[in-house]
Amino acid sequence: MENLALSDKKPRTAITPTREDDFPEWFQQVIKAADMAENSPVRGCMTIKPYGYALWENIVGIFDPQLKEYGIQNCSFPLLIPVSFLAKEAEHVDGFAKECAVVTHHRLKADGKGGLEPASPLEEPYVVRPTSETIIGEAMSRWIQSYRDLPMKLNQWGSVLRWEMRTRMFLRTSEFFWHEGHCAFEDNAGAVKDCLTILDMYERFFEDYLAFSGYKGIKTADERFPGADDTYAFEAMMQDGKALQAATTHNLGTNFAKSCGIKYQSKSGEETLAHTTSWAFSSRVIGAILMIHADDDGAIMPPRVAPQQIVILPVLKDDAVTPKIMEYCDTLAKDLKAQGYRVKLDDRDMRTPDKMWDAVKRGIPLRVEVGQREMEEGTVTHVRRDIGRDSKTAAPLAEFKSGVGAILDAIHDNLLEKSRSFTRDNTVEGKSVGDIDAHFKSGKIGFVKVPLEVLDDPAYEKVRSEYGLSSRVKPFEDEGRTVLVARAY
RNA sequence: CGGAACGUGGCGCAGCCUGGUAGCGCACUUGGAUGGGGUCCAAGGGGUCGGAGGUUCGAAUCCUCUCGUUCCGACCA
């Protein structure tokens, strides 16, 4: 049938709309198509589904041992924080008071209308932790007495709650998962070194496991953590050119030591304030993974943290040979698992193309197809998710099994390199407010790097608010002389 | 907290203006033909139309109130 109108159209994508058509909506659809999470009945909070949570578990499972290697000890502090604790540090309160959920009662009673209402008011209300500096500070003030107790390096994995005005799955939800490191040192040098070391660990982790790169640097004063002397950050660029702060480390100076009473007796016997730090990355990095790697056919999981690294797809037609193909697949799956890979043999009773698209949308890095042909030849057909059908390759079984690692590494390298070049290609240097204005006025995306003084130009504020810009970081590479300006999540 | 919209099977929507007892697509179930990048045909199951009140012989539809959600701003890992 002649259909010129249709034949000119782009090929059908698994995700509608495409990134180009509507990036925020595309992002939501990618999450849905990959079956990672959904909005919950609780305002601003999401339900992370098994496939999404498996990704987080892999992230935790890799990063946690790295923290321990650095000397971190894990612990757990209460979810609830007495209001008086939060009130101790002035800037900290200013920063977080507005977004705290407050627990004012315990116990429920019948309201006489078939529902329940809070019964007994608490003497002192609690806030649900928006972050744990104050309650960990209280503990540190008792645990630290002597310089011999320092450095103290603690971390907890958990979730926190911030009553956000506007939420988006993985990027900004009221409750989010994270780890929060809290350390105390004798002096500022120790605290600074901690911030920089951890920031480097974050960068290594993001590049080596999540396959994205970004800029390390120091935040400008207005972007600093409430209560910190300095905030360091890792800023990554999403495919729409917006910045996403993927991790931060904070040098809290002696601010929390003062307000919480974290003091130690030095070697010479003087009572001295400790220098503390805190640092974190959150489940937001999952948003980053998607917004950096995913394409118009859905998620692309970085191989080293992918919930499933390899999917085996049996291609079945003839009932008579089905058991033999399944046995072939089963053996392959066992062999690959024995090598330590996360393998899914998709034996669901579904049409093969549907299973294939499911694997595509979930972003499983490597797909293996096994039908009668492969079984008889002793081969497999494999396809890389990051390249697609053009990478379809037939390989002898033994060769494939010994080469899987190299293929997954190649996928990782490709994703990282794409992230690197995209970030580089969309970072431009400017010298003035006019350069920033011209860049975004022309419809370009990404980061503009300008000399730090540009932020002090009275004309900057107008441009900043017109394009919704903010200063992201003063990148280390320019030793604080420049600042990256961008739209941000 | 300002400005706008929307609540109808699991999901996405139409119906409302001009009241007559609920429909479409996807998903799901069953059967058959298919089967290596989204196949086709046929038969099915599933809904107190957000809630309360009112007008009416009769309300998803009209009126009043209420609850909730989303989007746009200010705030943010």
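Just so we're on the same page: letters track the sequence lines, and every chain starts at 1.
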> What ring pair (Phe, Tyr, Trp, His ring centres under 6.0 Å) pairs are there with at least one residue in residues 349-383 of chain A, not counting sequence neighbours?
Replying inline: H382(A)-F400(A)
Can you name the atoms? Protein N/O to nucleotides 39-42 of chain B N/O, anything below 3.5 Å, with the distance.
residue : atom : partner : partner atom : Å
U39(B)  : OP2  : R351(A) : NH2          : 2.9
U39(B)  : O4   : R351(A) : NH1          : 3.0

> Once Watson-Crick and G-U wobble pairs under 3.5 Å are found, how is RNA chain B written in dot-bracket notation, 5' to 3', with | for any base paired to another strand?
Replying inline: ((((((((.[[[[.)....(..]]]].((((((.....)))))).....[[[[[..)....]]]]])))))))....
Picking from [options], which would you name as closest to the side chain of [X]?
{"X": "R166(A)", "options": "G73(B), G37(B), G35(B)", "answer": "G73(B)"}
{"X": "K317(A)", "options": "G37(B), A77(B), G35(B)", "answer": "G35(B)"}
{"X": "E369(A)", "options": "A77(B), G38(B), G36(B)", "answer": "G36(B)"}

Need one value for [X]: base, sugar-phosphate or nothing, where a base atom within 4.0 Å counts as base even if backbone is also close, heavy atoms only.
{"X": "Q28(A)", "value": "nothing"}
{"X": "A14(A)", "value": "base"}
{"X": "R168(A)", "value": "nothing"}
{"X": "G95(A)", "value": "nothing"}
{"X": "S283(A)", "value": "nothing"}
{"X": "L313(A)", "value": "nothing"}
{"X": "W178(A)", "value": "nothing"}
{"X": "E374(A)", "value": "base"}
{"X": "S470(A)", "value": "nothing"}
{"X": "Q245(A)", "value": "sugar-phosphate"}
{"X": "K361(A)", "value": "base"}
{"X": "T352(A)", "value": "nothing"}

Report all interatomic pairs (protein N or O, nucleotide N or O of nucleotides 5-11 of chain B) with separations under 3.5 Å.
residue : atom : partner : partner atom : Å
C11(B)  : O2'  : K32(A)  : NZ           : 3.2

Show me the donor-acceptor pairs within less than 3.5 Å that the side chains of residues 161-171 of chain A make with the rest of the protein, sequence neighbours left out.
residue : atom : partner : partner atom : Å
R162(A) : NE   : P130(A) : O            : 2.7
R162(A) : NH2  : P130(A) : O            : 2.8

List the atom pairs, with distances to 0.1 Å, where a side-chain N or O of residues 207-214 of chain A and a protein N or O form a donor-acceptor pair under 3.5 Å, not counting sequence neighbours.
residue : atom : partner : partner atom : Å
E207(A) : OE1  : R204(A) : NH2          : 3.2
E207(A) : OE1  : R420(A) : NH2          : 3.3
D208(A) : OD2  : R204(A) : NE           : 3.2

Give the ring-plane orientation class for [X] versus [Y], where under 30° counts as parallel, over 60° as perpendicular and anything between as tilted.
{"X": "W157(A)", "Y": "F63(A)", "answer": "perpendicular"}
{"X": "H179(A)", "Y": "Y202(A)", "answer": "tilted"}
{"X": "F225(A)", "Y": "H92(A)", "answer": "tilted"}

> Is there a donor-acceptor pair under 3.5 Å between the side chain of K216(A) and the backbone N or O of D200(A)?
Replying inline: no
> Between the side chain of S132(A) and the main-chain N/O of I135(A), is any donor-acceptor distance below 3.5 Å?
Replying inline: no
> Given the side-chain rings of F205(A) and F281(A), with only the six-membered ring counted for Trp, is the space between their centroids under 6.0 Å?
Replying inline: yes
> Do we see W357(A) stacking on the base of G37(B), given a limit of 5.5 Å between centres and 30° between planes?
Replying inline: no
>> Checking K98(A) now: which residues fulfil salt bridge (Lys or Arg N to Asp or Glu O under 4.0 Å) with it, not counting sequence neighbours?
In response: none
>> For D386(A), give me all partners under side chain to side chain donor-acceptor pair (under 3.5 Å), at least two apart in sequence or on another chain.
In response: R384(A)
> Among all residues two or more places apart in sequence or in another chain, which pass the ring pair (Phe, Tyr, Trp, His ring centres under 6.0 Å) test with F77(A)?
Replying inline: W143(A)
> Partners of Y467(A) by ring pair (Phe, Tyr, Trp, His ring centres under 6.0 Å), sequence neighbours excluded?
Replying inline: F440(A)
> Which of residues 227-242 of chain A sit near RNA chain B, with a heavy atom under 4.0 Å from it?
Replying inline: none
>> Under a 4.0 Å threshold between the charged nitrogen and the carboxylate oxygen, would E461(A) count as salt-bridged to R464(A)?
In response: yes
>> Going by salt bridge (charged side-chain N to carboxylate O under 4.0 Å, His left out), name the pairs with one or both residues in residues 288-302 of chain A, residues two or more places apart or in two chains.
In response: R19(A)-D296(A), D295(A)-R385(A)
